[in-house]
Amino acid sequence: MSSYPEKDIQDESYDSVSGIVDFVRFQNEENGHAVFDIDVEDTYLVTAVGKVPYLDIGDKITVYGRWTNHPTYGRQFQVESYEKGLPDDPKSMELYLASGAVKGIGPRTAAKIIEKFGNDAFFVIENHPDWLTDIPGVTEKKAQEISKSFRTASGSRYVMMFCKDFFTPQTSMRIYNRWGGSAVDRIRSNPYMLCDEFRGISFQRADQIAIQLGESPDSYNRIIHGLLYVLNDESVKSGHTCLPEDELLHRATELLFSETPEDGHIVKTVLGKAAGAGDLVTVTWGGEEFVFHPETYRAESRIAKKLVTLDASCPRLDASNALAFIRKIENQSGISYSTEQKNAIYQAMTNGVFILTGGPGTGKTTIIKALLSIFSSIDFRISLAAPTGRAAKRMSEATSHEAKTIHRLLEMEYSENDDKADFQRNESNNLEADVIIIDEVSMVDVFLMDSLLKATKNGTRLILIGDADQLPSVGAGNVLHDMIDSERFTTIRLTEIFRQSVNSLISSNAHLINEGRLPDISKKDGDFFFLKRTDEKSISDTVVDLISSRLPKSYGDGVIEKVQIITPSRKGESGTENLNALLQEKLNPPSPGKAERKFRSIVFREGDRVMQTRNNYSAEWTAADGQNGLGIFNGETGRITDIDTDENVMSVTFDDKACDVDYSMLEDLEHSYAITVHKSQGSEYPVVIIPLYSCAAVLQSRNLLYTAVTRASKMVILVGKPEVLRNMIANNHHVRRYSMLKKFLIDA
């Protein structure tokens, strides 16, 4: 077979080529880029180059584009768009089946299938796989596997062809990987699901598709989805559970009618109808109207009702008995509790819902241990939990009592139908515990608290522990603050420092920062240091030098594993994006013995420290003790132990959980040599390095610095500008989070 005829090559009017894919020279499964040969009318071959995902030998294809001359490979057809389908003649069908596109069929089996069924082969494979058992060597089980593989391949083609007018091949592949063959039906029925389900697909893009599919610009459906999108977007970005009506109307009008803002009155009309229909919920507080997504409203209002019920329904321990228990535990343990601690233990025993807050070193763990001893002595069933794996592990180690993540406590399972977590412990299957103690409650958002309370039976004693001065939860809501501010529940704030020795400055400096005072940085041989740097580049250089050279020289190479860089922002010279690139190059450079995988602009390499950036409820893992489970959650950190380039899978160990990460999951993974303060919540590290550099003013705040400092157990090193340190301590402004839990608790 010859190459494309020379006389035709010279004719630039040729802007399309049709034929059968004869050979795939190269294909990038991540973005669909391919180099392949097209057999044109069984006469000559054309080499085509472009983004054509899910390409298989035997595909019937028409490509549109232009001719180019490659300096090395010569004449090629540059593909700009394409139309692809299954072959429809026996020869091409056999070529397709023999290519390996359908699992379970090789060249010999392909020939036999075509010989027996001819043009009907694909119809038989898809609709009557049992007929394939007439082919020697094809069992009933193998026939079903062949049919399933064929239907999957056909479905992907259908989805890719539908999506190619709207998305890049890479995005289309993500949609197919998640939704499978139902993707087209889902998009047609509600294109706005795309921006809810897929990171990187904006509302504007989904809106364009909806309008192309016939959605009217002023339809109720379009506008209600715009309003819901704004509420969801603000929930994710800023943690709001609701928005003032005026702010919501402004943002939604900007989103939906940016070119014709005078049409904003339509948005207000739809909002009123939606509130009447229950598609949105409005609440009046302080003379102002606030608007909720119905799910968020239900979660926040349920939390308030259940907390009040728990506080009222829990049997109270007699006050004299409580004091006797405290004296007894003091005698048994040899510990003499402070007045503050005794009061906290007493209140925890005599209230149905009790909140304990305080900074580092104020004795929160000592109180938990005392309560465990007391409740165990009267045969109460006790459950300990925390929002993250690291926090639960620290709680277990500190108390010598098993602590679980809240997800594990609630026995999370994954629902493939709606791609979310299902908790087996719920309102119809309560936890058996008589006492539930939750640590790091500042990290708990409204949805997780709602799920926990659904599973908590009336009469259970609920003890909530956290540092109210830390940053609020990454997820929506302001649960701990709202509970404290409502004054509905007994709350004790610990102020006396116990944990650290008199020579340690971490706790004392954290408290100074929290009080708005400069930390003591005068000692050169302690555990709290400030390295003054005056320009952005020297700050990042010093951070890299500390972890790669100076600290290992002083404490040995093992210290590298104990260091975590915590920085205010993703952007800037000392933001996570730049620091991670610098640190990967320094700590884990390229090596012939290390496999790597590039995803967009990031190179993942064996040995890299990484972080999960989004809850993945379906991820399967195996713990070091052999236990299996589901779910890798936002903020969990680990290390890449293996990259299998043949199977397109990456092995990552998150703490002690080994998980295989498919390449399609890489969008939810990033390097974690340096992490933001928000991502560090709930974790503790022996050594913390904090760059203080010029970043967004909103990130130069006291509670952000306080949160970063309190992540360290052994050493804190601040690197940067004195004026940034002063600015952060002086800035006690808390960005407001709109939430209604406080109101619901006051009104309950």
Side-chain angles (χ1 to χ4, degrees), residues 1 18-30 32-42 45 48 52-63 82-162 169 172-173 176-177 179-184 644-649 662-664:
M1 190 179 298
S18 297
I20 302 296
V21 176
D22 180 76
F23 181 63
V24 180
R25 299 173 181 267
F26 169 81
Q27 186 161 35
N28 184 321
E29 293 185 10
E30 184 180 306
H33 182 76
V35 180
F36 55 101
D37 293 340
I38 302 174
D39 176 1
V40 180
E41 297 178 352
D42 212 11
L45 294 177
V52 186
Y54 289 103
L55 195 65
D56 291 301
I57 294 172
D59 279 341
K60 183 179 181 180
I61 193 166
T62 298
V63 292
Y82 64 94
E83 293 176 0
K84 186 173 60 168
L86 290 172
D88 53 10
D89 65 272
K91 181 181 177 182
S92 300
M93 292 166 77
E94 181 180 339
L95 187 66
Y96 172 77
L97 293 176
S99 70
V102 180
K103 293 180 181 177
I105 298 180
R108 291 176 62 187
T109 304
K112 292 175 183 177
I113 291 173
I114 296 300
E115 182 182 354
K116 184 166 184 64
F117 299 111
N119 284 334
D120 296 326
F122 288 174
F123 175 81
V124 169
I125 293 171
E126 184 168 5
N127 300 290
H128 299 285
D130 51 308
W131 295 4
L132 296 175
T133 56
D134 292 343
I135 306 294
V138 179
T139 63
E140 185 174 339
K141 180 181 178 182
K142 185 175 182 180
Q144 294 299 328
E145 290 173 349
I146 288 171
S147 182
K148 181 180 179 181
S149 176
F150 180 83
R151 291 196 305 272
T152 298
S154 298
S156 70
R157 279 177 172 73
Y158 179 46
V159 173
M160 298 301 290
M161 290 305 297
F162 177 82
S172 300
M173 291 161 74
Y176 175 74
N177 288 336
W179 285 348
S182 67
V184 173
D644 190 329
T645 53
D646 293 327
E647 295 295 327
N648 291 339
V649 70
D662 185 84
Y663 283 176
S664 63

Do other residues, nucleotides or ligands put more than 12 heavy atoms under 6.0 Å from Lys60 NZ?
no

Are any non-hydrogen side-chain atoms of Ile114 and Lys91 less than 4.5 angstrom apart?
no

Rounded to the nearest 0.5 Å, what's the gap from CD on Glu94 to CG on Asp89? Could you check?
10.5 Å

To the nearest 0.5 Å, atom CZ of Arg108 lies from atom CD1 of Ile135 at 12.5 Å

At their closest point, which heavy atom of Ala98 faces which heavy atom of Ala110, and how far apart are they?
N-CB, 3.7 Å

With a 4.5 Å limit on heavy-atom distance, are the side chains of Leu132 and Phe117 in contact?
yes

Would you say the side chain of Ile57 lies within less than 4.5 Å of the side chain of Phe36, judging by non-hydrogen atoms?
no

Identify the heavy atoms of Ala34 and Val52 that sit nearest to each other, and give their distance.
CB-O, 4.2 Å

All heavy atoms of Lys142 vs all of Gly137, minimum pair found to be CD-O, 4.0 Å

With a 4.5 Å heavy-atom cut-off, do Leu45 and Asp39 have their side chains touching?
yes

Could you tell me the separation between the CD atom of Glu145 and the CD1 atom of Ile105, rounded to the nearest 0.5 Å?
11.5 Å

Determine whether a donor-acceptor pair (N or O, by modelled atom type, separation under 3.5 Å) exists between the side chain of Ser147 and the backbone of Ile125.
yes

Interatomic distance, CZ@Phe150 vs CG@Leu97, rounded to 0.5 Å, equals 7.0 Å

Heavy-atom side-chain contact between Asp59 and Tyr82 under 4.5 Å
no

Search all heavy atoms of Ile113 against all heavy atoms of Ala121 and return the closest pair with its distance.
CG2-CB, 3.9 Å

Do Val102 and Ile146 come within less than 4.5 Å of each other through their side chains, counting heavy atoms only?
yes

